[in-house]
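First comes the structure, then the notes that go with it.
Start at 1 with the first residue, then count along the sequence. In each ligand, atom 1 is the first atom listed, and ligand 1 is the first ligand listed.
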Amino acid sequence: MPHPVDVVLDFLRAEEARGVTHVSLDDEARAVLRAVYQQSKGPRPAKPPSQPTAAVPAVDRLAAFAVEADEPPPPVVADADPAPVSMPVPTGATKAEQIASLAAQAEHWPPAFALGSLRKTMVFSTGNPEARLMLVGEAPGMHEERQREPFVGAAGEQLDKILKAMGLGRPEVYISNIVKFRPAMPNQTSNNRKPTIEEMAACLPFIRAEVEVVRPTCIVALGGTAAEGLLGLTGSVASMRGKWHDYAGIPTRVTYHPAYLLHGNASHAEKRKLWEDMLEVMAQLGMPISDKQQGFFLPKG
Ligand code: URA
């Protein structure tokens, strides 16, 4: 089991390696970092004596990120060495080959397995790596794990309906998840849980690498977890949707997770809001929009 501070640092280094220089921290993230810092003062696995190095000590680097959020930096723990950055490297001539190579690396991804809190079956992505539209969900559930394909359960049926209303099908889009393994629970049957921040951090290098391979025209983050993983946003989906965000230079829209449409969770007005997000996505993609499509979920009368 890795020390929690190393999990956070792996994530930050991966982001840094990708050119990210700022990470915004809300109150919850600050609380998590504070807890991680407290744990970093506890016993760490014994290490051979390290050679002098110019690299900034690990906890110091964590403090440097925390400073962005106007937090007083925690004192440096002198014995923390930087751990090697774990980044998947796509190989292959075509986008399909590169995605396949990433999926092969995800099968045995040490940062995910080291957590011990994710199940072992890897579920990568589905659809077309040449697509102009990329949709990102949270994590596989029971059905996705069985079929080793994202969004094949009830939420997937809702997603297919949304795509159909847009005039699209799975072969024309690329669909993936932030977390590549089903989050494990005690005595788990068909029940699923939201991934933890550590589980997201362990898998985030893949979604970043997938975006770099696919380079879609726009991205849709389906639900709050996808928005948190991609954009670092927390709060209600209502507060994130209705505008364009930026992920790796690609216009990114946040909308409700298709599962939210199930069991009468979403009001007619919320369905319309989801649809308005999709109309914006269609416009961004330069797709024709019919009068019928414009009017979906508008109040009758
Ligand atoms: N929900 C998700 O976010 N992803 C899936 O693959 C299935 C359900």
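Between E276 and K271, no side-chain nitrogen of the basic residue sits less than 4.0 Å from a carboxylate oxygen of the acidic one, so the salt-bridge criterion is not met. Taking a cutoff of 4.0 Å between a charged side-chain nitrogen and a carboxylate oxygen, E210 and K180 qualify as a salt bridge. One finds a salt bridge joining E149 and R170 here, because a Lys/Arg side-chain nitrogen approaches an Asp/Glu carboxylate oxygen to under 4.0 Å.
Taking the six-membered ring where the residue is Trp, the centroids of F113 and H108 are separated by 6.0 Å or more.
Below 3.5 Å of separation, one finds an N or O of F151 facing an N or O of ligand 1. Taking any N or O of P150, backbone or side chain, none lies under 3.5 Å from an N or O belonging to ligand 1.
Nearest residue to atom 5 (C) of ligand 1 from G141, A139, G137 is A139 (criterion: closest heavy atom).
For atom 4 (N) of ligand 1, the nearest non-hydrogen atom of the protein is N177 OD1, 2.8 Å. Atom 3 (O) of ligand 1 has E138 N, 2.7 Å as its closest protein atom, hydrogens excluded (heavy atom only).
W275 and F296 have tilted rings, their planes meeting at an angle from 30° to 60° on a 0 to 90° scale.
Ligand 1 lies within reach of H257, whose nearest heavy atom is under 4.0 Å from it. At a 4.0 Å cut-off, not a single heavy atom of A259 sits close enough to ligand 1 to count as contact.
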Could you walk me through whether F181 and W109 pass the ring-ring contact (aromatic ring centres under 6.0 Å, His included) test, one step at a time?
CA-CA 10 Å; F181 304 83; W109 188 239; 9.6 Å; no

